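Some notes on the structure that comes next.
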Amino acid sequence: VPIEGLELAGPVPPEELLALDGALARLAELDPLKARVVELRFFTGMTFEELARVLELSESTVQRHWRLARAWLRGALEDGHAG
């Protein structure tokens with residue numbers, strides 16, 4: 001399940017939210033910064049510029065963390081190893 005496919009504005013099946021929560025928890029164990037980038041970007045809608053300011057990183061570094069985290073989460077969700 002691609003992370004872009006999960007929209008919080010509408011009803012989200014509980015199993016999708018649970019799977020995402022489990023995957024984010026696992027990612028946080030492996031790489032807390034990438035998990036934080038996902039949380040801030042996905043759940044608050046922060047821009048890369050805002051994230052860079054808040055996390056005190058360059059915008060390109062934030063974008064790299066976002067891309068890698070999305071790829072990791074996508075794999076975890078597709079493989080069913082989110083939790």
Side-chain angles (χ1 to χ4, degrees):
V1 177
I3 194 167
E4 291 85 48
L6 299 176
E7 301 265 343
L8 293 181
V12 177
E15 59 275 2
E16 286 185 24
L17 287 177
L18 288 173
L20 178 59
D21 182 60
L24 271 174
R26 178 76 178 114
L27 178 59
E29 291 174 8
L30 300 171
D31 194 325
L33 181 56
K34 283 183 183 54
R36 187 73 178 136
V37 167
V38 170
E39 291 169 350
L40 292 172
R41 175 96 170 131
F42 185 69
F43 294 110
T44 70
M46 292 177 87
T47 66
F48 292 120
E49 182 181 349
E50 292 167 332
L51 285 168
R53 249 192 335 268
V54 167
L55 298 173
E56 298 179 344
L57 299 169
S58 71
E59 196 171 331
S60 61
T61 297
V62 170
Q63 289 174 353
R64 184 174 59 251
H65 283 298
W66 171 249
R67 282 191 311 271
L68 292 170
R70 278 183 33 219
W72 189 92
L73 287 168
R74 188 177 302 118
L77 291 170
E78 287 174 355
D79 293 343
H81 295 103

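The model shown is predicted, which means the values in this text are computed figures rather than measured ones.
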Checklist entry - Would you say Phe42 and Leu73 make side-chain contact, with heavy atoms under 4.5 Å? => result no
Item to check | For Glu59, all residues meeting salt bridge (charged side-chain N to carboxylate O under 4.0 Å, His left out), sequence neighbours excluded | outcome: none
Checklist entry - Do you know the tightest heavy-atom contact between Leu51 and Leu40? => result CD2-CB, 3.2 Å
Checklist entry - Hey, what do you get for CG (Leu55) to OG1 (Thr61), rounding to the nearest 0.5 Å? => result 10.5 Å
Checklist entry - Excluding sequence neighbours, so at least two apart, what forms side chain to side chain contact (heavy atoms under 4.5 Å, CB included) with Glu29? => result Arg26
Checklist entry - Among all residues two or more places apart in sequence or in another chain, which pass the salt bridge (charged side-chain N to carboxylate O under 4.0 Å, His left out) test with Arg41? => result none
Next on the checklist: Can you list everything that forms a side chain to side chain contact (heavy atoms under 4.5 Å, CB included) with Glu50? Sequence neighbours excluded, please.
Outcome noted: Met46, Thr47, Arg53
Checklist outcome for this item: What one should report as the nearest heavy-atom pair of Ala23 and Ala76 is CB-CB, 4.3 Å
Checklist outcome for this item: Taken to the nearest 0.5 Å, the spacing of Leu68 CG from Asp31 CG works out to 8.5 Å
Item to check | Spacing of Arg36 atom CZ and Lys34 atom NZ [to the nearest 0.5 Å] | outcome: 15.5 Å
Item to check | Residues that Thr44 engages under side-chain hydrogen bond (donor to acceptor under 3.5 Å, both in side chains), provided they are two or more places apart | outcome: none
Checklist entry - Are side-chain heavy atoms of Asp21 and Leu17 found at a separation under 4.5 Å? => result no
Next on the checklist: Testing the basics here: between Val38 and Ala69, what is the closest heavy-atom pair and its distance to 0.1 Å?
Outcome noted: CG2-CB, 3.4 Å
